[in-house]
Asks: 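Please see the structure below; I have some questions.
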Amino acid sequence: MPELPEVEIVKRSLFNKVKNQKISKVGVFNRSLRYRIEDRFEDFLKNQKILNITRKSKFIILHFLNDNYCIIHLGMTGTLHLLDNKNPNKNTNLSFYHSKILPKKHNHVEFNFSKFSLVYNDPRRFGFFKLIKSKYELDSFFKPFYPEALDSGFNLNYLKKKLKNKSKNIKNFLLDQNFVSGIGNIYASEILYYCKLNPLKKGKNLNIKNMKRIVKYTHFVLIKAIKRGGSTIKDFKNAKGSIGNFQKEFKVYERKNLKCLRKNCDGIIKKININNRSTFYCNNCQK
DNA sequence: CCGTTAACCTGAGAGC
DNA sequence: TGCTCTCAGGTTAACG
């Protein structure tokens, strides 16, 4: 579901709601997410106070005492919800994915706090919770995901080094979390539109000007999406403080057969499949 | 090492 | 109603 901007918005919601809150109880209703939730998960987190909440690429990190952490990944359909203890029907969706109902059978993890609970719902179970027990382990976990799209390490020299002689296309590179982390299927298409680059263009065929644009517009698109509160696909209602608006500004995503929005461009937006992922681009201005 | 494909899951929507 | 098919914001083991 969420790419870097959406995860950032979820992280901010969590920061406002659960920072400095103590987890009084943990419930796990289904341990088989993308990785199996370890048996001591509940005991490990019980009575721990959440000292901070941060984000790295698409991961949310809960910080506890003594360099203990819990990494949360929302996968494709993971959502977090706050339930008022006194009024269980009051449900605040902190996330973006929304099917008309979120059946309780997909509530897999629950953190209880003094006045409310935080519930993790995930129909497809591609998300995960992972416990981390030291700073070293935390750094090791994130090492393969460097640089993140917004890190200064994602720069011209890095692209020159990594794209040299590569036959892989730029769309696949942007989706490769080991190449650059945080970008997903929507923003990859959006970024390449601003870059005026065809998603199928091979790494080795990108020139300096192309690479500069990739760095520039990756920042531009992701930052703007965060400012707009992320993107929300499908129906989305009753989501106080967390409705995304960036989807209104999509230039190519979900705009198949529509006219290119760039001034003086007569192109039509095409939809193609790249590695089984929908990819949108203008057949005229993206070369 | 490199690049691509299939697989992991469930649900919504289209077409018949 | 119901069947089959495709698609979905993510990752990764396995393959050639």
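Keep in mind the model is a prediction, meaning the values are calculated, not measured. Letters go in sequence order (proteins before strands), and every chain restarts at 1.
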Asks: Listed by chain and number, what are the ring-ring contact (aromatic ring centres under 6.0 Å, His included) partners of A/Phe111, not counting sequence neighbours?
Replies: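 Listed in chain order: nothing, the list is empty.
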Asks: A/Lys259: what forms a side-chain hydrogen bond (donor to acceptor under 3.5 Å, both in side chains) with it, not counting sequence neighbours?
Replies: none
Asks: What residues form a ring-ring contact (aromatic ring centres under 6.0 Å, His included) with A/Phe173, not counting sequence neighbours?
Replies: A/Phe179
Asks: Side-chain heavy atoms under 4.5 angstrom apart, residues restricted to Ile, Leu, Val, Met, Phe, Trp, Tyr: same cluster for A/Tyr187 and A/Phe220?
Replies: yes
Asks: What do you reckon, are the aromatic ring centroids of A/Phe59 and A/Phe141 less than 6.0 Å apart?
Replies: yes
Asks: Applying side-chain hydrogen bond (donor to acceptor under 3.5 Å, both in side chains) as the test, list every pair that has at least one member in residues 151-167 of chain A; sequence neighbours left out.
Replies: A/Lys56-A/Asp151
Asks: Check whether A/Phe29 forms a cation-pi arrangement with A/Lys104 (NZ or CZ under 6.0 Å from the six-membered ring centre, at most 45° off the ring normal).
Replies: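 Output no; distance or angle outside limits.
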Asks: What is the distance, to the nearest angstrom, from the CD atom on A/Glu6 to the P atom on C/dG10?
Replies: 9 Å
Asks: Write down the distance between CD (A/Glu254) and P (C/dG9), rounded to a whole number of angstrom.
Replies: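 In whole Å, C/dG9 P and A/Glu254 CD are 8 Å from each other.
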Asks: Using modelled atom types and a 3.5 Å cut-off, is there a donor and acceptor pairing between side-chain atoms of A/Ser181 and backbone atoms of A/Phe145?
Replies: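 Pair found, side chain donor or acceptor close to backbone of A/Phe145.
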Asks: Please report the distance, rounded to the nearest Å, between CZ in A/Arg277 and P in C/dC7.
Replies: 13 Å
Asks: With sequence neighbours left out, write down each residue that passes ring-ring contact (aromatic ring centres under 6.0 Å, His included) with A/Tyr193, or none if nothing qualifies.
Replies: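 A/Tyr193: no ring-ring contact (aromatic ring centres under 6.0 Å, His included) contacts found.
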Asks: Just the rounded figure in Å: distance from C1' of C/dA8 to CG of A/Leu74.
Replies: 16 Å
Asks: Contact class for A/Ser278 vs. all strands (heavy atom < 4.0 Å): base, sugar-phosphate, or nothing?
Replies: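 Sugar-phosphate, backbone atoms only, no base.
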Asks: Using whole Å, report how far CE of A/Met76 lies from P of C/dC7.
Replies: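 In whole Å, C/dC7 P lies 13 Å from A/Met76 CE.
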Asks: Using the P atom on both, measure B/dC9 against C/dA14 and round to a whole Å.
Replies: 14 Å
Asks: Could you check whether any side-chain N or O of A/Glu6 sits under 3.5 Å from a backbone N or O of A/Ser231, counting only pairs where one atom can act as donor and the other as acceptor?
Replies: yes
Asks: Go along nucleotides 4-10 of chain B 5' to 3' and tag each nucleotide: B for a protein heavy atom under 4.0 Å from its base, S when only backbone or sugar atoms are that close, - otherwise.
Replies: SB--BBB
Asks: Find the distance A/Phe179:CZ to B/dC1:C1' and express it as a whole number of Å.
Replies: 17 Å
Asks: Can you tell me if A/Gln177 uses its side chain to pair, donor with acceptor, with the backbone of A/Leu175 under 3.5 Å?
Replies: yes
Asks: Which residues in residues 196-205 of chain A have a heavy atom closer than 4.0 Å to any atom of DNA chain C?
Replies: none
Asks: Side-chain N or O of A/Tyr253 versus OP1/OP2 of C/dG9: is the shortest distance under 4.0 Å?
Replies: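 So the side chain of A/Tyr253 is within the cut-off, an N or O lying under 4.0 Å from OP1 or OP2 of C/dG9.
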Asks: If we take the P atom in both C/dT11 and B/dC1, what is their distance in whole Å?
Replies: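 Per the computed distance, 22 Å lies between those P atoms.
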Asks: What is the distance, to the nearest angstrom, from the NZ atom on A/Lys164 to the C1' atom on B/dG3?
Replies: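 So the NZ-C1' distance, A/Lys164 to B/dG3, works out to 20 Å.
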Asks: Taking the P atom of each, how far is C/dG9 from B/dG3, in whole Å?
Replies: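 Comparing P positions in C/dG9 and B/dG3 gives a spacing of 23 Å.
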Asks: May I have all residue pairs that pass side-chain hydrogen bond (donor to acceptor under 3.5 Å, both in side chains) and include part of residues 18-35 of chain A, sequence neighbours excluded?
Replies: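 Sorted pair list: A/Asn30-A/Ser32, A/Arg31-A/Glu42.
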Asks: Pick out the pairs of N or O atoms, protein on one side and nucleotides 12-16 of chain C on the other, that lie under 3.5 Å.
Replies:
| residue | atom | partner | partner atom | Å |
| --- | --- | --- | --- | --- |
| C/dT12 | OP1 | A/Arg34 | NH2 | 2.9 |
| C/dT12 | OP1 | A/Tyr35 | OH | 2.6 |

Asks: With the threshold set at 4.0 Å, does a side-chain nitrogen-carboxylate oxygen contact exist between A/Lys135 and A/Asp139?
Replies: yes
Asks: Is A/Phe128 reachable from A/Ile37 through a run of hydrophobic residues whose side-chain heavy atoms are each under 4.5 Å from the next?
Replies: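 As far as the 4.5 Å side-chain criterion goes, A/Phe128 and A/Ile37 are not connected within one cluster.
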Asks: For DNA chain B, just give me the dot-bracket, please: Watson-Crick or G-U, both distances below 3.5 Å, ( ) intra-strand, [ ] crossing earlier pairs, | paired with another strand, . unpaired.
Replies: .|||||||.|||||||
Asks: Using a cut-off of under 3.5 Å, enumerate the N/O to N/O pairs linking the protein to nucleotides 2-6 of chain C.
Replies:
none

Asks: On the 0 to 90° scale, with breaks at 30° and 60°, tag the A/Phe113-A/Phe116 ring pair as parallel, tilted or perpendicular.
Replies: tilted
Asks: Among residues two or more places apart or on two chains, list those pairs meeting side-chain hydrogen bond (donor to acceptor under 3.5 Å, both in side chains) that have a residue in residues 276-287 of chain A.
Replies: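 Qualifying pairs, neighbours excluded: A/Lys171-A/Thr279.
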Asks: Any sub-3.5 Å donor-acceptor pair from A/Ser189's side-chain atoms to A/Tyr253's backbone N or O?
Replies: no
Asks: A/Asp176 CG to B/dC2 P: how many Å, rounded?
Replies: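 Checked: the CG to P distance equals 11 Å.
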Asks: Mind checking the P distance from C/dC7 to B/dT5? Whole angstroms is fine.
Replies: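 Each nucleotide's P atom is 15 Å from the other's.
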